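Data block below; observations after.
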Number of protein chains: 2
Amino acid sequence: MKSEPNLKTVAKMANVSIATVSRAINYPDKVDPSTLSRINKIIKEINYRPNRVAQRLRIKGGHRKIFGLLVPDIQNPFYVDVIRGVEDYAYSRNYALLMCNFAQSKDKETMYLNIMKSESVDGMIVAPYDEFDKEVIDLLQKGFPIVCVDRGLGDYQDVDIILVDNEKGAYEAVSLMIKKGHKRIAYIGGLPSIPTSQQRKDGYVKALQKNNITIDDSLIKFGDSKHESGKEIARKLLSLKNPPTAIFTGNNLITLGALESIHASGKKIPQDVAIIGFDDMPWSISLNPPLTAVRQPGYEIGKRAADMLYQRIMDPDRAYSKVMLNTILIERNSC
Amino acid sequence: MKSEPNLKTVAKMANVSIATVSRAINYPDKVDPSTLSRINKIIKEINYRPNRVAQRLRIKGGHRKIFGLLVPDIQNPFYVDVIRGVEDYAYSRNYALLMCNFAQSKDKETMYLNIMKSESVDGMIVAPYDEFDKEVIDLLQKGFPIVCVDRGLGDYQDVDIILVDNEKGAYEAVSLMIKKGHKRIAYIGGLPSIPTSQQRKDGYVKALQKNNITIDDSLIKFGDSKHESGKEIARKLLSLKNPPTAIFTGNNLITLGALESIHASGKKIPQDVAIIGFDDMPWSISLNPPLTAVRQPGYEIGKRAADMLYQRIMDPDRAYSKVMLNTILIERNSC
DNA sequence: TTAATAAATGTAAACGTTTACATTATGAAG
DNA sequence: CTTCATAATGTAAACGTTTACATTTATTAA
């Protein structure tokens, strides 16, 4: 494989030192116009591009033009929206993106965190594994620029974070169910260790309490945030002697799994069982039936997270900001 | 921000030269056991990790342990499967992954290709923008390790590639429609420049011809491979004076869009209009109605692509391999 | 003309690794 | 006790940039 052209190649062709070439690229007004144009012509001719690895090694933190992005589950369309938001922002500012999916595995998260660090990213956007995420907190304490999305870090407050009012979103959804006359409402959450799973449960509980419905613990279940567990838990719930008449599902994938089980059980939605999902999807309207869902602005979250990270990098001493966006309850036909 | 420990830090603490530390890590049997354990203790203690950027700069191609992955649309669940396959393989071999989504934009593709090159990846897995993709072909000609997934490069044959028999998959789907009595069958393809859009159309045409149904060009449409265009085109198709009784959609997102339009039109599926989608989704069964679809083994494609890339890197002179996997037609209730 | 200033360019160090080569210490064989 | 091989370690160059500093050249002011 032929080796790529580098500064030396260009310098030799232009009969100047590599420093001049470097300057021609980074500080064009610091080099003589005629030299500049000669260099530029050569660069174009041989299609020279600076080696980012060498650049990153030399340049100090904050100006390497690369972000890290670490999401828990790329199969979840919500995170895909977040990714797109981050990516669009990065592209617009000419940042590269080192994007990793830790697939809800603590080991993978640790490994990717290490890779990102040792890839010398300027900063990263992370949806932490859980609220105690030691690795992330360590990084923050060392002063590494990080913004959290979707999930916070419990008591640890010195961090930029953008998320959604999960409790309120859940509260509204469950309130709607109650308004429609449901009393036996189940909640299927994701991994219990994930903050959002708990917050959404809290919203669910509040709504029941507010309406004087006693909490039935056998209707509150947690899975692993994936399709299969939604399916399995819904199946069990529906085969209870006294099954719920409504199910509030804690994320996208769980919703889809639950939907599958409800259909398999032969029950009609919403007549026999109602369902509202946390997280809307572009195709929710094409589901059977069109799904009533709590929409999170994933794309916006991603975009703003990237901007927060950028600001943090540019001014490491600025105050931490917490942004909490609202969800929207989209009523369709599943409740 | 405190600076990370490096070889020098460890060397100083262990009272040896950085070369010895480096050897302790890379060739443990080349250093004295007592020195080794001393060094290892220190490494663990201060949690030293080699700087991948510096490593990559030094180490020559093929052993830098980083792959690039370039997909056309991360919103399309098919590519998400491919990504997962590649990622699992990479993780198992301790490779990092520079993952980029060019969102069906030629400009972005070019930029990401450049970034990957200048990030010095060992090789990359790419679903090219179209079959003429000059940038990708250039890279190949320079001997850069690349494997193509999902889409080929037209006449350019010197490349490893793994994809699915699109024509056959489409042929089977449309044949099923015909068997069910449909004569006016529409095809909504993705971007016409994408090879798969054409191959799936070819399968569609073949099935019609085989059954002596005359091709009606007004029923063959191409969009931009996204949800919106599926929706829009389906809407127009359905409002024709003589609308199709069946629609074969050329990808995931188009299917979802078309589904939305069909529902909006008030037509019943499959009584009024049948639909079969290319690409199955985990939640196809939860759609309204459960979707009949052509399944591509995305995860396997990703996994095998990664392995092909690995093999290519390890042995640059091996013969090129083309792998064509079969699709499976999954009959549910939409046709 | 000369001295001072500004503009253009060059030189070399630094970033954190790996590795060819040189050096030293260790032990075995004669 | 040499002599030689081997093991352990060190030295320094290299990877491709950026940049502080030094040098050269051109320009201006006196």
Side-chain angles (χ1 to χ4, degrees), chain A residues 1-40 43 46 48-66 96 114-115 117-122, chain B residues 1-40 43 46 48-66 96 114-115 117-122:
Chain A
M1 209 179 69
K2 236 175 55 205
S3 72
E4 293 294 316
N6 52 23
L7 274 189
K8 215 153 121 195
T9 324
V10 180
K12 211 164 281 168
M13 293 177 72
N15 243 292
V16 292
S17 72
I18 59 169
T20 303
V21 181
S22 174
R23 271 187 296 254
I25 296 168
N26 299 302
Y27 312 95
D29 43 336
K30 288 231 174 298
V31 350
D32 186 84
S34 77
T35 318
L36 182 63
S37 75
R38 186 159 35 107
I39 291 176
N40 280 335
I43 287 181
I46 66 174
Y48 163 78
R49 315 255 170 192
N51 178 320
R52 293 178 62 96
V53 178
Q55 280 182 321
R56 209 146 70 249
L57 183 59
R58 185 74 213 320
I59 298 175
K60 39 186 57 186
H63 302 277
R64 299 190 253 235
K65 298 226 156 205
I66 181 169
N114 282 328
I115 287 187
K117 235 189 345 177
S118 72
E119 283 287 350
S120 306
V121 298
D122 285 330
Chain B
M1 209 180 72
K2 238 175 55 208
S3 73
E4 292 295 315
N6 53 22
L7 275 188
K8 215 155 122 195
T9 323
V10 180
K12 211 165 283 171
M13 293 177 72
N15 243 293
V16 292
S17 73
I18 60 169
T20 302
V21 181
S22 174
R23 270 187 297 254
I25 296 169
N26 299 302
Y27 311 96
D29 44 335
K30 288 231 174 299
V31 350
D32 186 85
S34 78
T35 318
L36 181 64
S37 75
R38 187 158 35 105
I39 290 176
N40 279 335
I43 287 180
I46 67 174
Y48 163 78
R49 315 254 170 192
N51 179 320
R52 292 178 63 95
V53 178
Q55 279 181 323
R56 206 141 77 246
L57 182 59
R58 183 74 209 324
I59 298 174
K60 38 186 59 185
H63 302 277
R64 299 191 254 235
K65 297 223 156 207
I66 180 169
N114 283 328
I115 287 187
K117 233 189 345 177
S118 73
E119 283 287 350
S120 306
V121 299
D122 285 330

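Everything numeric in this text was worked out from a predicted model, so none of it was measured. Throughout, protein chains are lettered first and strands after them, A, B, ... in sequence-line order, and every chain is numbered starting at 1.
- Checking the phosphate oxygens (OP1, OP2) of C/dT18, a side-chain nitrogen or oxygen of B/Gln55 falls inside 4.0 Å.
- Distance from the side chain of B/Ser17 is smallest to D/dG10 among D/dG10, C/dA8, D/dC15.
- Between D/dT17, C/dT11, D/dC15, one nucleotide has an atom nearer to the side chain of B/Leu57 than all others, and that is D/dC15.
- When each of C/dT9, C/dG16, D/dA8 is scored by its nearest atom to the side-chain atoms of A/Val31, the top-ranked nucleotide is C/dT9.
- D/dT18 atom P lies 6 Å from atom CD1 of A/Ile25, rounded to whole Å.
- Among the nucleotides D/dT17, D/dT18, C/dT18, the one closest to the side chain of B/Asn26 is C/dT18.
- Here CD1 of A/Ile18 is found 8.0 Å from NZ of A/Lys8. Values are rounded to the nearest 0.5 Å.
- A/Val16 comes within 4.0 angstrom of the backbone, heavy atoms only, and of no base.
- No donor-acceptor pair under 3.5 Å is formed between the side chain of B/Arg56 and the backbone N or O of A/Val53.
- Checking side-chain atoms of A/Arg52 against main-chain N and O of B/Ile115 turns up no donor-acceptor pair under 3.5 Å.
- At a threshold of 4.0 angstrom between heavy atoms, the contacts of A/Ser22 include nucleobase atoms, whether or not backbone atoms are also involved.
- The phosphate of C/dT9 has neither OP1 nor OP2 within less than 4.0 Å of any side-chain N or O from A/Tyr27.
- Residue B/Asn51 places its side chain closer to C/dT17 than to any other of C/dT17, D/dT17, C/dG10.
- For A/Arg23 and C/dG10, a side-chain-to-base donor-acceptor distance below 3.5 Å is present, hydrogens and geometry of angles not being considered.
- Taking only side-chain atoms of B/Asp32, from C-beta outward, the nucleotide of C/dT17, D/dT17, D/dA8 with the closest atom is D/dA8.
- Each of D/dA13, C/dG10, D/dG16 was ranked by its minimum atom distance to the side chain of A/Thr20; first place goes to C/dG10.
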Next item on the list: Kindly indicate, with the supporting measurements, whether the criterion side chain to side chain donor-acceptor pair (under 3.5 Å) is fulfilled by B/Asn6 and B/Thr9.
Entry: CA-CA 5 Å; B/Asn6 53 22; B/Thr9 323; 2.8 Å; yes
